[in-house]
Asker: 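My structure is below; once you've seen it, I'll send some questions.
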Amino acid sequence: MSHSHLPKDFLWGFATASYQIEGAPHKDGRADSIWDTFCRIPGKIAGGESGERACDSYHRTAEDIALLKQYRAQVYRFSLSWSRIIPLGGRNDPVNEKGLQHYVKFVDDLLAAGIQPMVTLFHWDLPDALDKRYGGFLNKDEFVKDYENYARVCFEAFGSKVKFWITFNEPWCSSILGYSTGLFAPGRTSDRSKSAVGDSSTEPWIAGHSILIAHGAAVKAYRDDFKAKDGGQIGITLNGDWTEPWDPNDPADREACERKLEFAISWFGDAIYLGKYPDSMRKQLGDRLPTFTAEEIALVQGSNDFYGMNHYCANYIKHKDGEADINDFSGHIQALYHNKAGEVIGPETQSFWLHPNPLGFRKLMKWLSDRYGGPTFYVTESGTSLKGENDLPLEELLDDEFRCEYFRGYIGAMADAHTIDGVDVRGYTAWSLMDNFEWAEGYETRFGVTYVDYDGDQKRYPKKSAMEIGAIFDKYIEKE
Ligand code: PNW
């Protein structure tokens, strides 16, 4: 029997995001995003850090492209900083040509190097002016119009050079971490010990709703006015961990697993593929979860040309007794790293939430493929941090066998999902091309296949995993 494989035109490469790598927050007319302002609040970011220096990629595009070439990447997923392109964000605010042309040149340089750009329009760095002006996502009507305008500016500027567009990265994170836990910008939460503002019983659901409609509006704009001439595809990227029952013999834990997947993924996935929010969410949240008007659902349903999948890990899930708390956002469950039998879901990493489990990746692809009628998948992120990596001497740090093992496991699981389960997966961009600003964890947690020396002029050093990824894909991708 031949082993699992991936299709011969499979595209692989690496991913990053603007605020995490660029630095240069005030160069060429860029204005603050909500992450710039959030980082200034004491106590929000480990080490009091911000994206102010990051990897200095704004000034090092040639170096980054050289790394991609060296690693044999076919595609590079990166995001645009909205507040570089339209500093104040809104549809009546001026476009900053310098900021826009920076990215146009970058795309030209990537194409000249033989690398396909995959462009994320929004990876969390909302122009701060829009948050201040009308509350960002919380004002659906204003936000949708401003986002569509921004998307149109980008579609127009890049034209047929970009064949893969991603509207939003991980709306779950923007909504829940931004408006419920307050761990991410803009940091709203009902927990008065963490923030003085917010109502996490309603705001995350309003934020998610606005994002879905803005996504739908941008997709409609692309399909109406650009797709035919530019020939690209457009979709959204959703994150979500796989779930295994804490007690496989307890039906309540098995149901809790489904519910957790629905709250994390189907919140957006069902709206896009099935035209409604999951029943489990409606049941728990009642009218705190917005409802779609006929016009809105017409925008949202069927709005994905492909499913962008970010996936890192799995959890064991235990049901909870009694009523769900009004601020609960995960379906009244408890997520754990070991099950009833005491088995662990996967090894520890530097990220408290990340315990790798490659088989869970395969199972989730199958679950999504079954639920959504076999969409085309691009895996837009997958990767790992490594416990204690930041404290290792350089030489040991570069020998990141743990990360290589992660990619062998996850890419192999994806090939099984394709070959054995019939999942239509056509691309994979590893998180991340290089160590970068890991949000609330600052620079202490590293996800890169390239080491970045933050204390030594941001010099880049390839880790072992950088070349290993291509070697793994060579084993799986079918030859002519
Ligand atoms: C993703 N969680 O975020 C993001 O898209 C990246 O920007 C980020 O650097 C990467 O994963 C690694 O963290 C997540 O707490 C952040 O479950 C947090 C969670 C999941 C994804």
Side-chain angles (χ1 to χ4, degrees), residues 14-22 33-35 38-39 44-46 49 51 54-55 57 77-81 118-126 166-185 204 211 236-243 260-261 263-265 267-268 308-315 317 329-330 333 335-337 345-346 349-357 360-361 364 378-387 389 403 406 410 428-450 452:
F14 300 89
T16 60
S18 48
Y19 192 70
Q20 295 182 272
I21 65 164
E22 287 180 351
S33 73
I34 55 173
W35 270 93
F38 185 68
C39 291
K44 291 295 184 189
I45 313 294
E49 290 287 356
C55 311
S57 282
R77 173 179 179 241
F78 63 97
S79 81
L80 306 176
S81 158
M118 180 182 270
V119 178
T120 309
L121 288 165
F122 183 85
H123 198 126
W124 306 353
D125 43 359
L126 183 77
I166 293 163
T167 54
F168 287 88
N169 179 69
E170 302 190 348
W172 183 92
C173 289
S174 299
S175 310
I176 298 297
L177 306 180
Y179 293 84
S180 182
T181 67
L183 203 68
F184 280 10
I211 293 174
I236 196 167
T237 278
L238 304 178
N239 61 303
D241 307 338
W242 177 242
T243 59
K260 167 77 169 103
L261 290 171
F263 269 74
I265 305 174
W267 176 9
F268 304 100
M309 180 178 182
N310 282 5
H311 182 73
Y312 288 86
C313 57
N315 290 303
I317 303 295
F329 55 78
S330 33
I333 57 96
L336 296 157
Y337 304 125
I345 194 78
T349 66
Q350 185 63 29
S351 315
F352 70 89
W353 51 273
L354 202 171
H355 297 248
N357 181 308
F361 184 29
L364 181 56
Y378 284 87
V379 177
T380 42
E381 280 178 34
S382 157
T384 191
S385 58
L386 203 151
K387 195 154 186 66
E389 185 176 17
R403 189 171 282 108
Y406 178 98
Y410 273 71
Y428 181 101
T429 50
W431 188 267
S432 177
L433 174 63
M434 58 197 145
D435 296 335
N436 56 50
F437 176 71
E438 179 54 12
W439 307 112
E441 292 174 45
Y443 297 96
E444 288 169 14
T445 303
R446 295 175 177 270
F447 271 86
V449 300
T450 309
V452 176

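This one's a predicted model, so the numbers in the text were calculated from it and none came from an experiment. First listed ligand is number 1; within each ligand, the first listed atom is number 1. If you read the sequence from its start, that first residue is 1, and numbering goes on from there.
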Asker: Answer yes or no: does an N/O atom from Glu381 fall short of 3.5 Å to an N/O atom of ligand 1?
Answerer: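 It does: an N or O of Glu381 is found under 3.5 Å from an N or O of ligand 1.
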Asker: Can you confirm whether the side chains of Thr380 and Asn310 place a donor and an acceptor under 3.5 Å from each other?
Answerer: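 A pair is found: one side chain offers a donor N or O, the other an acceptor, under 3.5 Å apart.
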Asker: Identify which one of Tyr337, Trp242, Tyr312 satisfies the ring-ring contact (aromatic ring centres under 6.0 Å, His included) criterion when paired with His355.
Answerer: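 Only match with His355 under ring-ring contact (aromatic ring centres under 6.0 Å, His included): Tyr337.
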Asker: Quick check: Trp172 and ligand 1, any N/O pair under 3.5 Å apart?
Answerer: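 Checking ligand 1 against Trp172, no N or O pair falls under 3.5 Å apart.
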Asker: Any idea which protein heavy atom is nearest atom 10 (C) of ligand 1, and the distance to it?
Answerer: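 The protein heavy atom lying closest is Tyr312 OH, 3.2 Å.
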Asker: I need the contact type for Asn310 against ligand 1. Using non-hydrogen atoms and a strict under-4.0 Å cut-off, is it side chain, backbone, both or neither?
Answerer: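 Side chain only; the backbone of Asn310 stays clear of ligand 1.
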Asker: Are any of the heavy atoms in His123 under 4.0 Å away from ligand 1?
Answerer: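 Yes, His123 has heavy atoms under 4.0 Å from ligand 1.
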Asker: Kindly state whether the ring of Tyr378 and the ring of Tyr428 have centres lying under 6.0 angstrom apart.
Answerer: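 When the ring centroids of Tyr378 and Tyr428 are compared, they turn out to be at least 6.0 Å apart.
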Asker: Verify the ring-centre separation between Trp124 and Tyr19: is it less than 6.0 angstrom?
Answerer: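 For Tyr19 and Trp124, the ring centres are not under 6.0 Å apart.
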Asker: Considering only heavy atoms of Glu170, which atoms of ligand 1 have at least one such atom less than 4.0 Å away?
Answerer: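 Within the 4.0 Å cut-off of Glu170, ligand 1 contributes 1 (C), 3 (O), 4 (C), 5 (O), 14 (C), 21 (C).
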Asker: Looking only at protein heavy atoms, which one is nearest to atom 2 (N) of ligand 1, and how far off is it?
Answerer: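 Result for atom 2 (N) of ligand 1: Trp353 CD2, 3.6 Å.
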Asker: Give the contacting part of Asn169 toward ligand 1: side chain, backbone, both or neither, where contact means a heavy-atom distance below 4.0 Å.
Answerer: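 Looking at Asn169 and ligand 1, just side chain atoms fall under 4.0 Å.
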Asker: Working to the nearest 0.5 angstrom, can you tell me the gap between Thr167 OG1 and Ile211 CD1?
Answerer: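 The CD1 atom of Ile211 is 9.5 Å from OG1 of Thr167, to the nearest 0.5 Å.
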Asker: Taking only heavy atoms of Phe447, which atoms of ligand 1 are found under 4.0 Å from at least one of them?
Answerer: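 Selected atoms, number and element: 12 (C), 13 (O).
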Asker: Answer with yes or no whether the side chains of Ser79 and Ser18 bring together a donor and an acceptor at under 3.5 Å.
Answerer: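 Side chains of Ser18 and Ser79: pair found under 3.5 Å.
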Asker: Short list, please: which atoms of ligand 1 are under 4.0 Å from a heavy atom of Glu438?
Answerer: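 It comes down to these atoms of ligand 1: 8 (C), 9 (O), 12 (C), 13 (O).
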Asker: Would you check if there is a donor-acceptor pair between the side chains of Ser351 and Ser385 at a distance under 3.5 Å?
Answerer: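 Their side chains do contain a donor-acceptor pair, which is all the 3.5 Å distance test asks for.
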Asker: Please report the closest heavy-atom contact between Arg403 and Arg446, naming both atoms and the distance.
Answerer: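 It is NH2-O, 3.1 Å.
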Asker: So for ligand 1, is Trp439 a polar contact partner (N or O within less than 3.5 Å, distance only)?
Answerer: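 Yes - when backbone and side-chain N and O of Trp439 are compared with those of ligand 1, one distance drops under 3.5 Å.
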